[in-house]
Structure formats: C-alpha cells, structure tokens
Undergrad: 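This structure is in structure tokens; I'll ask about it shortly.
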Amino acid sequence: MAKIAILGYGTVGSGVAEVFWTNEKLIDERAGEEIRIKYVLDLRDFPGDRVEAVLTHDFSDIVNDPEVTVVAEVMGGMKPAYDFTKQCLMAGKSVCTSNKELVAAKGPELMRIAREHHVNYLYEASCGGGIPIIRAMNESLNADDLSEISGILNGTTNYILTEMTENGTDFGDALKRAQELGYAERNPEADVEGYDAQRKIAILSSIAYGKTVYYEDIHTEGISGVTPTDIEYAKKLKMKIRLLASSFREKGKYYAMVAPVLVEHTHPLYSVDGVFNAIFVKGNMLGDAMFYGSGAGKLPTASAVAADMIQAVKAGDTVLYSNWKEEEADLSPLDSSSRRFFVRVPVEKKEEAIRVFGMDAEQVNLEERPEETALITGIMTEQEFEQKAAKLGGILGRIRINM
Ligand code: HSE
C-alpha cells in the first residue's frame with residue numbers, strides 16, 4: 001500500500017482528496033496497489049469534513065513519516081511551498097504540484113534535487129489545468145522538433161475577451177462579470193496583465209526547447225488595453241482577439257511572448273471560447289496538433305495532480321525522463337521577430353500611414369467610425385514596426401496578427 005499526503009486543503013487540495021476518495025477502486029487497479037491519503041496539511045479545521053480523519057496542522061508529521069512516499073503541493077505561491085517541497089524531496093518523497101509560480105521560478109532546481117534523491121517532481125497541473133500537455137510534451141511528442149507552442153493558457157482573460165466579442169461589453173464590465181461568476185480574482189492583475197500565462201508559457205517552452213526559459217525574460221502584455229472598437233475591427237476581419245502565450249523559432253532564434261493577438265478564423269485557436277484553454281503545437285514530423293480542455297477549476301486541476309501522484313507511486317525510485325534541463329535557453333529579444341500588425345490611425349493620417357507601412361498594407365474601415373482607419377501591414381520585424389509607428393506618430397492602437 002502507498003501512503004500519500006496533500007499540502008493544502010483549499011480548492012485544488014480538496015479536489016485531489018475528492019479524486020482519490022471518489023475513484024479509489026479504479027485508481028488502486030491502475031496503480032497496481034492501494035493508494036491511501038495519510039495526511040492533509042492545512043492551518044484550518046474542517047468540522048464535519050471527511051478530511052478530519054487525516055488532517056494535520058504540522059508539516060513535520062508528513063516530512064518525518066517514512067511511510068509517506070508521494071506528496072501533493074497544492075498550496076500555491078512561493079512561501080512556504082518552496083521550502084516544503086525541497087524538504088519533501090530531500091526526505092526521498094516525490095512531489096506533484098499545480099503551483100505554476102513555483103515551477104516557473106524554481107522548477108529546474110527542484111527537479112535536480114528530486115533526481116539526486118531518486119524521486120520525481122511532477123507538475124502536469126501547472127499548465128492548462130486538466131489538459132494533459134506536460135506529459136504529452138515530455139513523452140508523446142519526444143520524436144518531434146517543436147517550432148511553435150501557442151496557447152490560450154488563461155481562462156479568465158479568455159472569458160473576458162469572449163464576453164467582449166459576443167456581447168460588445170467593454171473590458172471593465174466584462175471583468176466585473178468574470179468576478180461575479182468567480183472566474184476572476186478580486187485582484188485580477190496576475191490574469192489580466194498576462195503574468196499567469198507568462199509563467200505557464202515559460203514552463204512549456206522549457207520543456208519544448210530542453211533548456212530553461214525564465215519567465216522574467218518573456219515579453220508580456222495584458223488585455224486591459226483591448227477596446228470594443230478593436231473587437232469590432234476583429235469581427236470585420238473574421239478574426240478574434242485572444243491573449244496568446246507563444247513561443248516560437250524563427251530563422252534559428254527562439255522567441256517567447258504573451259500578448260493580445262488577432263487570430264484568423266482558419267486557425268484552430270479561433271474557436272476556443274469562454275474559460276477554456278488550448279495549446280497549439282507545431283512539430284516537424286507531427287505537423288499541427290491542439291490540446292483543448294478545462295484549464296482551471298477544482299476537479300480538472302486535481303485530476304492532473306492525482307494522475308501525477310499515481311505515476312510517482314508507480315515509478316518508485318525510478319527517475320522519470322524530462323526534457324527540461326537547468327541550462328538557460330538562449331531567448332532572443334522580440335525586436336527581430338516578424339509578423340503582420342493591425343494598426344489604427346486617425347483618418348487624416350491615412351495616406352501617410354499607407355506610405356509609411358508600405359503600399360501592400362491592406363486597409364480596413366468601420367462604417368461607424370469614419371474618423372479613423374485601420375491597416376494590416378505586410379510582414380515586418382517588431383523593430384521595423386516600432387520605427388515606422390514612431391515616424392508616423394498619433395497611432396490609436398496596434399495589435400499583432402498571428403501567423
Ligand atoms: N487564473 C487562472 C486562469 C487559473 O484564469 O486560467 C488557472 O491557473
């Protein structure tokens with residue numbers, strides 16, 4: 001029999017317990033042995049909850065118990081999750097987590113400590129909630145050279161953008177609705193400014209490219225500047241504005257960014273609406289593939305943590321393969337990457353804008369807004385675009401176009 005522990009009985013932690021209690025029989029069958037929760041750590045009490053039988057307020061009960069071989073860290077944040085994770089790994093216990101902040105900041109170090117102690121640090125739930133993308137990238141896509149990963153990795157912002165698109169609401173009202181429905185936090189900064197997606201794409205890029213991509217190096221823009229007018233233009237263009245977290249290779253260089261991007265109606269990510277997440281990958285053998293599902297929420301996220309725990313139980317002291325190495329990836333500044341841009345200018349700047357952005361720029365007008373015009377530029381680097389935009393001056397807005 002394997003004994004496991006859960007650090008944190010919040011949304012995800014109580015979900016992990018529920019997964020093990022609800023699916024006990026089939027999990028035992030699949031694991032090849034009984035798996036039982038011996039401890040759940042939380043500072044709070046939960047009178048009347050089944051967890052009372054295994055609840056502890058003392059981390060040392062878990063770390064000092066040799067019977068516990070696998071631990072779920074579902075506390076979130078850095079403190080005390082980082083310290084607790086290290087202590088568990090050093091005590092020879094595998095740790096499975098949903099904590100993207102900790103994985104993005106300390107993943108390579110924690111994986112090294114795990115290897116040194118013949119255990120595993122697994123983090124399937126850190127990206128895309130219940131979508132099995134980490135294991136797919138570490139195992140199923142191992143024969144491929146991946147040149148692009150583009151994801152809708154944040155459900156809150158995707159809900160807000162979907163609401164703005166479908167109901168014509170502005171950003172503030174859509175955010176309020178997302179908060180009322182419990183999708184957005186009271187302090188929504190990490191989601192709407194792209195920091196959550198930034199950590200997730202750092203993790204996925206590190207696996208795809210086999211070296212560590214630090215989230216601080218990823219160019220990140222949020223969605224708070226997206227306006228209903230931008231959305232109207234997008235509709236006219238048969239595109240949708242999505243917060244894309246992308247990492248891609250262009251002329252041998254690696255780039256990563258998080259930003260609102262216009263997605264064409266022919267792209268698989270176009271139809272990903274509401275709180276759903278999706279990850280699109282391009283491999284040199286596989287071609288295109290997309291992984292779609294619930295990117296957040298108690299049970300989808302818990303399901304991924306529980307699956308990692310089962311894998312860790314089965315692995316025992318075998319260290320599982322991971323593409324992600326500690327060496328730093330050579331990420332290029334976004335300046336030299338190329339794409340088309342959607343740019344809005346006051347109507348009096350129309351002729352000059354066409355001259356500056358090139359005669360091949362396509363023009364888009366909205367009847368309701370005769371005072372402005374918009375252009376889709378030809379393919380140019382970020383740096384070229386910034387130079388041209390500065391030369392023209394007075395730009396009303398710009399959005400990158402997914403290629
Ligand atoms: N705040 C995140 C989201 C939750 O909206 O997708 C999952 O990391």
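Order of listing sets the numbers, starting from 1, for every ligand and every atom in it. All values reported here derive from a predicted model rather than from experimental measurement.
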Undergrad: Answer with yes or no whether Lys200 contacts ligand 1, where contact means a heavy atom under 4.0 Å from a ligand atom.
TA: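 Judged by the 4.0 Å heavy-atom criterion, Lys200 does count as contacting ligand 1.
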Undergrad: Taking 4.0 angstrom as the limit and counting only heavy atoms of Ala296, give me the atoms of ligand 1 inside it, by number and element.
TA: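 This gives 4 (C), 7 (C) as the contact atoms.
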Undergrad: Taking the six-membered ring of Tyr270, is the NZ or CZ of Lys240 close enough (under 6.0 Å from the centre) and on axis enough (within 45°)?
TA: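 Satisfied, under 6.0 Å and within 45°.
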Undergrad: Examine Lys86 relative to Tyr82 and say whether NZ or CZ is less than 6.0 Å from the centre of the six-membered ring and inside a 45° cone about the ring axis.
TA: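 Judged by the rule, Lys86 and Tyr82 form a cation-pi pair.
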Undergrad: Any Lys/Arg nitrogen of Asp28 or Arg36 sitting under 4.0 Å from an Asp/Glu carboxylate oxygen of the other?
TA: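 Answer for the salt bridge query: yes.
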Undergrad: Numbering the atoms of ligand 1 from 1, which are under 4.0 Å from a heavy atom of Gly155?
TA: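 Matching atoms, with element in brackets: 3 (C), 5 (O), 6 (O).
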Undergrad: Which residue supplies the protein heavy atom nearest to atom 3 (C) of ligand 1, what is that atom called, and how far is it?
TA: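 Of the protein heavy atoms, Asn154 ND2, 3.3 Å lies nearest.
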Undergrad: Hey, are Glu232 and Arg369 close enough for a salt bridge, meaning a charged N less than 4.0 Å from a carboxylate O?
TA: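 No salt bridge links Glu232 with Arg369.
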Undergrad: Tell me: protein heavy atom nearest atom 5 (O) of ligand 1, and distance?
TA: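 Heavy-atom neighbour on the protein nearest atom 5 (O) of ligand 1: Thr156 OG1, 2.5 Å.
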Undergrad: Which class fits the ring pair Tyr9 and Phe46: parallel under 30°, tilted 30 to 60°, perpendicular over 60°?
TA: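 Plane angle over 60°, so perpendicular.
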Undergrad: If hydrogens are left out, which of Val275, Asn158, Asp191 has an atom nearest to atom 1 (N) of ligand 1, that is, the closest non-hydrogen atom?
TA: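 Checking each option, the heavy atom nearest atom 1 (N) of ligand 1 is found in Asp191.
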